[in-house]
Amino acid sequence: MIEQLYNSYPTDYRLQDLLQTFSFSNPHIGFVLTVAGITFLMGYLEYMYSFALVLWEKSAPFPIWMHTFYFAHDSTGAIVFALAALANNNFWFFWSASGALMVWNLFEIFNLYKAITVERNEIWGHLYPNGQVTVGQAFWKVVVQIIMMIAIVNLFRVFMHDPYMFKWFIFTNVIMAIFPGLYWEQRKTQTGGSMGLAIVIFIGTVNSFILMNMWALSSHYFSMAANPWFYLIGIVSIAYSIRSLWKYRQLPAKPQLFNGKKRIW
């Protein structure tokens, strides 16, 4: 078992794997699309909660580096899938994935805008003697961080040999499972967090690592037999998503109302 974990590498996933899996000639395409649809839906719901929390409670559930990382990842993915579609007879899945990622980019731009205009003192105030951050200062901090994240995502995409972003995609779910709960715990308040969001994150994490997940359906590379580390990080991620639920309940409760609006559960 030790040798399998530390001294073996599965054969990489291939373009043909994705073309076959998401082709309408695949006899299991209905099941594949259902699993993929749930996977994408969970990601959208997570950002819907972020919208609501930053609008209602003036505090987002994700740290700023998650917004800049997801912007870098999703913009890269949108370009990668668009190029893959052009190179493969406009294969429908590649165009659909590219469009879905562009929608996510719009979500991220909105959250970054709110970070700059609403949350900037909370995020960067500790860096300044008076705790006050101008919009311009916050804007350039975001721009610099996005540039750094784009460079990191693309460098590691090459290092990981990840031509169609499928390895990077799973890291976005691992990060979502682990870091929001740690962020809420660091802030020591339920404000800006949400039990409903924690439940969505848990469901999305489980969906990403069950044996018939979107990745395993797409390529043998992501199967339990070929890639046990994929499922070991899944166990860790699910454990952290459960921990977030438990820790959130222990934090000081948020006010019942924010500017006349009910708190987000």
Side-chain angles (χ1 to χ4, degrees), residues 39-40 42-54 57 59-77 101 104-105 107-112 114-115 118-120 122-124 126-127 141-142 144-146 148-153 156-157 160 165 167-209 213 215 229-252 254 264:
T39 303
F40 278 84
M42 292 298 105
Y44 281 127
L45 287 177
E46 287 158 357
Y47 257 89
M48 291 297 101
Y49 267 99
S50 184
F51 278 9
L53 286 163
V54 78
E57 302 181 8
S59 184
F62 311 139
I64 187 67
W65 67 263
M66 280 184 62
H67 293 312
T68 56
F69 165 75
Y70 283 127
F71 180 86
H73 172 277
D74 294 345
S75 59
T76 298
L101 290 168
W104 258 311
N105 269 153
F107 291 175
E108 289 139 9
I109 289 170
F110 175 83
N111 277 272
L112 289 168
K114 285 296 184 180
V118 175
E119 297 183 278
R120 62 184 183 276
E122 177 186 347
I123 296 170
W124 296 288
H126 65 284
L127 299 175
K141 286 184 180 299
V142 167
V144 170
Q145 199 171 118
I146 286 174
M148 177 188 69
M149 291 294 188
I150 289 173
I152 289 172
V153 166
F156 277 89
R157 179 173 162 254
M160 294 157 60
M165 301 294 290
K167 296 175 187 177
W168 257 126
F169 275 147
I170 199 60
F171 275 109
T172 66
N173 291 349
V174 170
I175 287 170
M176 183 62 74
I178 294 173
F179 289 99
L182 295 177
Y183 186 52
W184 304 341
E185 189 178 359
Q186 178 187 357
R187 293 194 297 192
K188 297 181 173 61
T189 176
Q190 289 185 358
T191 300
S194 162
M195 179 59 72
L197 173 57
I199 292 170
V200 169
I201 290 173
F202 168 71
I203 294 171
T205 306
V206 171
N207 178 69
S208 295
F209 292 104
N213 61 74
W215 289 265
W229 280 111
F230 182 91
Y231 295 90
L232 288 173
I233 192 61
I235 293 170
V236 172
S237 299
I238 291 169
Y240 263 94
S241 68
I242 294 171
R243 181 184 184 276
S244 296
L245 286 162
W246 174 56
K247 282 292 185 179
Y248 180 82
R249 289 174 62 95
Q250 296 180 327
L251 294 172
K254 63 179 76 176
I264 303 294

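This one's a predicted model, so the numbers in the text were calculated from it and none came from an experiment. Starting from 1, each residue takes its place in the sequence as its number.
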Quick check: are there more than 12 heavy atoms from other residues, nucleotides or ligands sitting under 6.0 Å from OH of Tyr44? yes
To the nearest 0.5 Å, atom CZ of Phe202 lies from atom CD1 of Ile242 at 5.0 Å
One should read off an interatomic distance between Met195 CE and Leu251 CG, to the nearest 0.5 angstrom, of 9.5 Å
Exercise for review: Classify the angle between the aromatic ring planes of Phe230 and Trp215 as parallel (below 30°), tilted (30 to 60°) or perpendicular (above 60°).
Suggested key: tilted
inquiry  = If you apply the rule side-chain contact (heavy atoms from CB on, under 4.5 Å), what do you find for Thr172 with Phe69, and how did you get there?
reply    = CA-CA 9 Å; Thr172 66; Phe69 165 75; 4.0 Å; yes
To the nearest 0.5 Å, atom OG of Ser75 lies from atom CG of Leu101 at 9.0 Å
Residues passing the side-chain hydrogen bond (donor to acceptor under 3.5 Å, both in side chains) test with Glu122, sequence neighbours excluded, are Arg187
Exercise for the section: Using a 4.5 Å cut-off on heavy atoms from C-beta on, say whether the side chain of Tyr240 contacts that of Val236. Expected result: yes
**Prompt:** How about Phe40 and Trp104: are their ring centroids closer than 6.0 Å?
**Reply:** yes
Side-chain heavy-atom pair Trp124, Ile64 within 4.5 angstrom cut-off: yes
In short, Trp184 meets Ala198 closest at the heavy-atom pair CZ3-CB, 4.0 Å
One should read off an interatomic distance between Leu53 CG and Leu197 CG, to the nearest 0.5 angstrom, of 7.0 Å
_As a quick check of understanding, evaluate side-chain contact (heavy atoms from CB on, under 4.5 Å) for Phe62 and Asn111, giving each step before the final call._
CA-CA 9 Å; Phe62 311 139; Asn111 277 272; 5.7 Å; no
| message | I want to check something: taking the side chain as every heavy atom from C-beta on, are Met149 and Tyr70 in contact at a cut-off of under 4.5 Å? | response | no
Residue set satisfying side-chain hydrogen bond (donor to acceptor under 3.5 Å, both in side chains) with Gln145, at least two apart, ordered chain then number -> Thr68
Original post:
Would a line drawn from the ring center of Tyr231 to the ring center of Phe209 be shorter than 6.0 Å?
Top reply: no
Tell me which donor-acceptor pairs under 3.5 Å the side chains of residues 173-183 have, and how far apart each pair is, sequence neighbours excluded?
residue : atom : partner : partner atom : Å
Asn173  : ND2  : Ser208  : OG           : 2.8

> Is there side-chain contact between Leu112 and Ile146, with at least one heavy-atom pair below 4.5 Å?
Replying inline: yes
side-chain hydrogen bond (donor to acceptor under 3.5 Å, both in side chains) pairs touching residues 189-205, sequence neighbours excluded, are Thr189-Thr191
query = Is it true that a side-chain atom of Asn105 and a backbone atom of Phe71 form a donor plus acceptor pair closer than 3.5 Å?
reply = yes
Hits for side-chain hydrogen bond (donor to acceptor under 3.5 Å, both in side chains) against Tyr47, two or more places apart or cross-chain, chain-then-number order -> His67
query: So, Glu119 and Lys114, do they make that salt bridge, N to O below 4.0 Å?
result: no
Open item on the list: Quick check against the 3.5 Å criterion: does Ser50 have a side-chain atom that pairs as donor or acceptor with the backbone of Glu46?
Closed with: no
- request: Would you indicate whether the side-chain heavy atoms of Leu245 and Ile199 approach each other to under 4.5 Å?
  value: yes
Taking the six-membered ring for Trp, is the centroid-to-centroid distance between Phe171 and His73 below 6.0 Å? no
When rounded to the nearest 0.5 Å, the distance separating CG of Asn207 from CG of Asn213 is 7.5 Å
Report yes or no: does Glu185 contribute a side-chain atom to a donor-acceptor pair with the main-chain N or O of Tyr248 at less than 3.5 Å?
no
With sequence neighbours left out, the residues meeting salt bridge (Lys or Arg N to Asp or Glu O under 4.0 Å) with Lys141 are none
**OP:** State whether the side chain of Lys254 and the backbone N or O of Ile264 hold a donor-acceptor pair below 3.5 Å, judged by distance alone.
**Re:** yes
Value for OG1 (Thr76) from CZ (Arg157), rounded to nearest 0.5 Å, stands at 7.5 Å
Please confirm whether the backbone N or O of Val153 pairs with a side-chain atom of Trp168, one donor and one acceptor, at under 3.5 Å? yes
